[in-house]
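Just the heavy atoms: all of them, side chains too, but no hydrogens, waters or symmetry mates, feed the values below. Residue numbers run from 1 in the order of the sequence given.
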Amino acid sequence: MEYINNELCLGPLKKPLLPLCANYMRPIYVYDLDFVAQRYQAMVKALPGTRVFYAMKANPNVEVLQKLKSLGAGADVVSLGEIKRALESGFNPQDIVYSGVGKTRHEISEALTLGIYQINVESLPELERIGAMARSLGRKASVALRLNPDIDIKTHPYIATGLKDNKFGMELSLIPDLVKCLQTYSDSLSLVGISLHLGSQMLEFSGYQEALKRLKAVYVDLQKMFSSLTRFDFGGGLGIFYDRLDIELEESLLKDYAKITMETLADLKCELQTEPGRWLVGHCGALITQVQYVKKTSAKTFVIVDAGMNHLIRPSLYEAEHLIFPLKKTLETMKADIVGPICESSDFFAKERTLGKVQEGDFVAIMDSGAYGYSMASLYNLQELPLEICL
């Protein structure tokens, strides 16, 4: 992000955002596909030989998916809807890893019929269900066990997934029961992988390294019983900085993350898999919104825009902070709460934020919203969803 000729520009090719507002109707999510490609290539370079399955929940925009598919990515999905979107975007069933804690019978049936590459199993009842359904369909499901090492990675509690009180994954103490189930359904279940995911927005790796070591030992033990076990899925969750754009530092963290991963798992000589989302697309998107009013009270100033928590819920849900910039550079500044039109006091993007001075009719960009922005949007208050534009 930088200003060129006093206009805010996005991505490595410095694409101006203001022209997108020429016929403005409502808020716009804009995604820079060249930025997506740059991030993907950096990750592939850091993790040689690793199969990358993009976590679609971060951003399921068709053009974003098509770009990642063209670069060689697979898709990590968590619903039948995401499976259908992946297929519509050009992915094959063998490009898809199916995660998620609440797979329904209908979803599992569709996945089995399609021949999805891998189903990441989150519970013993789910494994039993898949085994029974695959048997009845005359199929053999390729499954990976998502195991929970009960390790804290110091992230927001709402996006931590590797602790024993989280709903995700299975405790290591359950392994004997899982083995028994796999043996019971040996005709319809093929154990192909072990899966790990500790949570999102990971910026420190000591817990991650310990989790890899714990699950590596489990992998070695299980492989003695199941020769079909040939994949280690170390998940995603690598974080980005929301308070600044520092690509160099983020790529340095990527290298540290990759070094720990590759060195810890090198002697397994198996297929390594990863499921990044935020790291690939977070910085690549911005939410453009128009100032409707500048409201001054005895306590503070409010900049009221036409986007709200219904369009970008992260600040309300996670207390996340996004950089916010006017599309036209100004030398003057102001301090204000940037808020939306929704009938909730939690409908804000920033509080007591110093930003370039704006007035009614101006446009601002809420940066780094390419991940978990539009994909989490809603129709609350029957406000229209934002437009989406790819550059």
Side-chain angles (χ1 to χ4, degrees), residues 47 49-55 72-78 82-83 86 91-101 103 107-149 168-170 172 174-197 211-212 214-236 261 264-276:
L47 294 164
T50 300
R51 190 163 183 192
V52 177
F53 293 88
Y54 166 62
D76 170 61
V77 305
V78 294
E82 288 192 352
I83 290 174
F91 292 92
N92 298 312
Q94 285 292 297
D95 297 324
I96 298 173
V97 166
Y98 187 12
S99 304
V101 300
K103 306 178 188 74
E107 289 176 317
I108 292 169
S109 177
E110 291 292 311
L112 292 171
T113 301
L114 285 167
I116 295 296
Y117 182 67
Q118 177 177 305
I119 302 176
N120 289 347
V121 178
E122 299 266 1
S123 68
L124 178 58
E126 182 188 328
L127 185 64
E128 293 169 339
R129 175 181 288 185
I130 294 170
M133 291 184 66
R135 178 178 286 171
S136 68
L137 291 169
R139 300 272 179 163
K140 192 160 190 176
S142 295
V143 298
L145 303 178
R146 180 172 177 178
L147 298 175
N148 187 332
F168 302 94
M170 296 172 282
L172 301 186
L174 195 61
I175 288 176
D177 293 324
L178 295 170
V179 168
K180 184 177 179 180
C181 181
L182 288 164
Q183 292 170 340
T184 299
Y185 291 102
S186 60
D187 60 318
S188 57
L189 293 176
S190 177
L191 177 63
V192 298
I194 295 299
S195 174
L196 165 71
H197 187 63
L212 286 179
R214 288 188 192 181
L215 292 199
K216 178 183 176 181
V218 172
Y219 180 97
V220 171
D221 288 342
L222 286 174
Q223 198 176 45
K224 295 172 183 176
M225 292 181 276
F226 301 95
S227 60
S228 56
L229 181 57
T230 57
R231 306 170 193 168
F232 194 109
D233 182 343
F234 55 88
T261 303
T264 304
L265 303 178
D267 57 339
L268 289 184
K269 301 189 186 307
C270 64
E271 176 184 304
L272 296 181
Q273 303 172 343
T274 185
E275 298 159 6

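Partners of Gln223 according to the side chain to side chain donor-acceptor pair (under 3.5 Å) rule, which considers only residues two or more places apart in sequence or in another chain, are Tyr219. The side chain to side chain donor-acceptor pair (under 3.5 Å) test applied to Ser123 returns no partner, not counting sequence neighbours. For Asp221, the side-chain contact (heavy atoms from CB on, under 4.5 Å) partners are Lys224, not counting sequence neighbours. Partners of Arg231 by salt bridge (charged side-chain N to carboxylate O under 4.0 Å, His left out), not counting sequence neighbours: none found. Looking at residues two or more places apart in sequence or on another chain, you find a side chain to side chain donor-acceptor pair (under 3.5 Å) between Glu126 and Lys103. Listed by chain and number, the residues in a side chain to side chain donor-acceptor pair (under 3.5 Å) with Ser99 are Asp76, Asn120 (sequence neighbours excluded). Shown here are the side-chain contact (heavy atoms from CB on, under 4.5 Å) partners of Val179, two or more places apart in sequence or in another chain: Ile175, Gln183, Leu222, Met225, Phe226.
Atom CG in Leu147 sits 8.0 Å away from atom OG in Ser195 (nearest 0.5 Å). Rounding to the nearest 0.5 Å places CG of Leu145 at 5.0 Å from CG of Leu191. Annotation: the span from Leu127 atom CG to Leu182 atom CG amounts to 5.0 Å, rounded to 0.5 Å. Note that CD of Glu128 and OH of Tyr185 are 6.5 Å apart. Values are rounded to the nearest 0.5 Å. Note that CG of Leu212 and CZ of Phe234 are 8.0 Å apart. Values are rounded to the nearest 0.5 Å. Within the model, atoms CD1 of Ile119 and CZ of Arg146 stand 15.0 Å from one another, a figure rounded to the nearest 0.5 Å.
Residue pairs meeting the side chain to side chain donor-acceptor pair (under 3.5 Å) criterion with at least one member in residues 264-273, sequence neighbours excluded, are Tyr117-Glu271, Gln118-Gln273, Lys216-Asp267, Glu271-Gln273. Residue pairs satisfying the salt bridge (charged side-chain N to carboxylate O under 4.0 Å, His left out) criterion with at least one member in residues 175-189, sequence neighbours excluded, are listed as follows: Arg135-Asp187.
At a threshold of 4.5 Å between non-hydrogen side-chain atoms, the residues Val101 and Val78 do not count as touching. No side-chain heavy atom of Leu47 sits under 4.5 Å from any side-chain heavy atom of Leu272. Using a 4.5 Å cut-off on side-chain heavy atoms (C-beta onward), Ile83 and Glu110 make no contact.
No donor-acceptor pair closer than 3.5 Å links the side chain of Glu82 to the backbone N or O of Tyr98.
Of all heavy-atom pairs spanning Ile194 and Leu215, the tightest one is CG2-CD1, 4.2 Å. Of all heavy-atom pairs spanning Ile96 and Asn92, the tightest one is CG1-O, 3.5 Å. What you find for Leu178 and Met170 is that their closest heavy atoms are CD2-SD, 3.5 Å. Counting all heavy atoms, side chain and backbone alike, Lys140 lies closest to Ser190 at CE-CB, 4.0 Å. Contact detail for Ala211 and Pro149: the closest heavy-atom pair is CB-CG, 3.8 Å. In terms of heavy-atom proximity, Gly236 sits nearest to Thr274 at CA-OG1, 4.4 Å.
Contact check on Arg51 versus Asp233 returns no salt bridge, with no Lys/Arg side-chain nitrogen under 4.0 Å from an Asp/Glu carboxylate oxygen.
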